[in-house]
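Provided herewith is a single structure, encoded as structure tokens, for subsequent inquiry.
For the single chain, residues carry numbers from 1 onward in sequence order.
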Amino acid sequence: MAESLGPRLYSCYNCGNHVSLHDDIISKSFQGRSGRAFLFSHAMNIRVGAKADRHLITGLHTVADIYCGDCGELLGWKYERAYEASQKYKVGKFILEKAMIAKENW
């Protein structure tokens, strides 16, 4: 009989703190500071930093860096505002950089 492993998770690569569920991935085709990044609908066990306007590949956005709630490692950012109508779907969503997270229960 196979043992149930529970939900597939993403964890902070530095300390193993659970930061998101695989089922919350919206897109895997984003670019972060360190390379490939994923867009998530939800994140957990994180700390949200101060808001700032940034010019990203898709235009001007207000974003807030997100950090691991346990070790404080920078993991990505949260979209707080999009100035272009075509980008408004990102507001309230989270970017987690692939290099900063690890798979768990796969």
Gap between atom NZ of K103 and atom NZ of K98 - 0.5 Å precision |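 If I round to the nearest 0.5 Å, the distance is 6.5 Å.
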
Can you find a pair of side-chain heavy atoms, one from F30 and one from K93, that are under 4.5 Å apart?
->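 Counting from C-beta outward, F30 and K93 never come under 4.5 Å.
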
Got a donor-acceptor contact below 3.5 angstrom from the N105 side chain to the G6 backbone?
->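 Not confirmed, N105 side chain does not pair with G6 backbone.
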
Measuring from Y89:OH to I26:CD1, what's the distance to the nearest 0.5 Å?
->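 CD1 of I26 is found 8.5 Å from OH of Y89.
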
Under a single-linkage definition using a 4.5 Å side-chain heavy-atom cutoff for Ile, Leu, Val, Met, Phe, Trp and Tyr, are I46 and L39 assigned to the same hydrophobic cluster?
->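 In one cluster with I46: L39, no.
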
Just one of D24, L21, D23 clears the side chain to side chain contact (heavy atoms under 4.5 Å, CB included) bar with S41, so which one?
->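 It is D24; the other options fail the test.
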
Report yes if the side chains of R33 and I95 come closer than 4.5 Å at any heavy-atom pair, otherwise no.
->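 A side-chain contact is absent here, since even the closest heavy-atom pair is not under 4.5 Å.
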
Which value, rounded to the nearest 0.5 Å, describes the distance between I57 atom CD1 and Q87 atom CD?
->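 Atom-to-atom, I57:CD1 and Q87:CD are 11.0 Å apart.
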
Using the rule that two of Ile, Leu, Val, Met, Phe, Trp, Tyr join whenever any of their side-chain heavy atoms come within less than 4.5 Å, decide whether L9 and Y67 are in one cluster.
->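 No; Y67 is not reachable from L9 via cluster members.
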
So, the side chain of K78 versus the backbone of A64: is there a donor-acceptor pair under 3.5 Å, distance only?
->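 No.
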
Side chain to side chain, R36 and K28, heavy atoms closer than 4.5 Å |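 R36 vs K28: side chains touch.
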
Quick one: closest heavy-atom pair of L74 and I66, and the distance?
->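 Nearest heavy atoms, L74 then I66: CD1-O, 3.5 Å.
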
Just wondering, more than 12 heavy atoms not from K88 lying within 6.0 Å of its NZ?
->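 Atom NZ in K88 is packed in, count exceeds 12.
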
Rounded to the nearest 0.5 Å, what separation is found between the CD atom of E80 and the NE2 atom of H61?
->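 Output value for this atom pair is 12.0 Å.
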
Can you check whether S34's main-chain N or O pairs, donor with acceptor, with E97's side chain at less than 3.5 Å?
->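 Pair found, side chain donor or acceptor close to backbone of S34.
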
Are side-chain heavy atoms of C12 and L75 found at a separation under 4.5 Å?
->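 In short, these two side chains touch, coming nearer than 4.5 Å.
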
Geometric class of the Y79/W77 ring pair [parallel <30°, tilted 30-60°, perpendicular >60°] =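 Taking Y79 first and then W77, their aromatic rings stand perpendicular (interplane angle over 60°).
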
Shared ILVMFWY cluster between Y13 and I25, side chains joined below 4.5 angstrom?
->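 Y13 clusters together with I25.
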
Hydrophobic cluster identity match, L56 and M100, side-chain contacts under 4.5 Å =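 Different hydrophobic clusters.
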
Do N17 side-chain atoms and N45 backbone N/O form a donor-acceptor pair below 3.5 Å?
->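 Flag set: sc N17 to bb N45 pair under 3.5 Å.
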
Side-chain donor/acceptor of H42 to backbone N/O of F40, under 3.5 Å =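 Here the side-chain-to-backbone pair does not exist.
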
Please state whether the rings of H22 and Y10 are parallel, tilted or perpendicular, taking 30° and 60° as the class boundaries.
->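 Taking Y10 first and then H22, their aromatic rings sit tilted (interplane angle of 30° to 60°).
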
Spacing of CD belonging to E73 relative to CD1 belonging to I101, to within rounding of 0.5 Å |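 Rounded to the nearest 0.5 Å, the CD-CD1 separation comes to 13.0 Å.
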
What is the distance from atom OG of S20 to atom CZ of R8, rounded to the nearest 0.5 Å?
->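 Separation between the atoms: 12.5 Å.
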
V19 vs F94 side-chain heavy atoms within contact, under 4.5 Å |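 Of all side-chain heavy-atom pairs linking F94 with V19, none is under 4.5 Å.
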
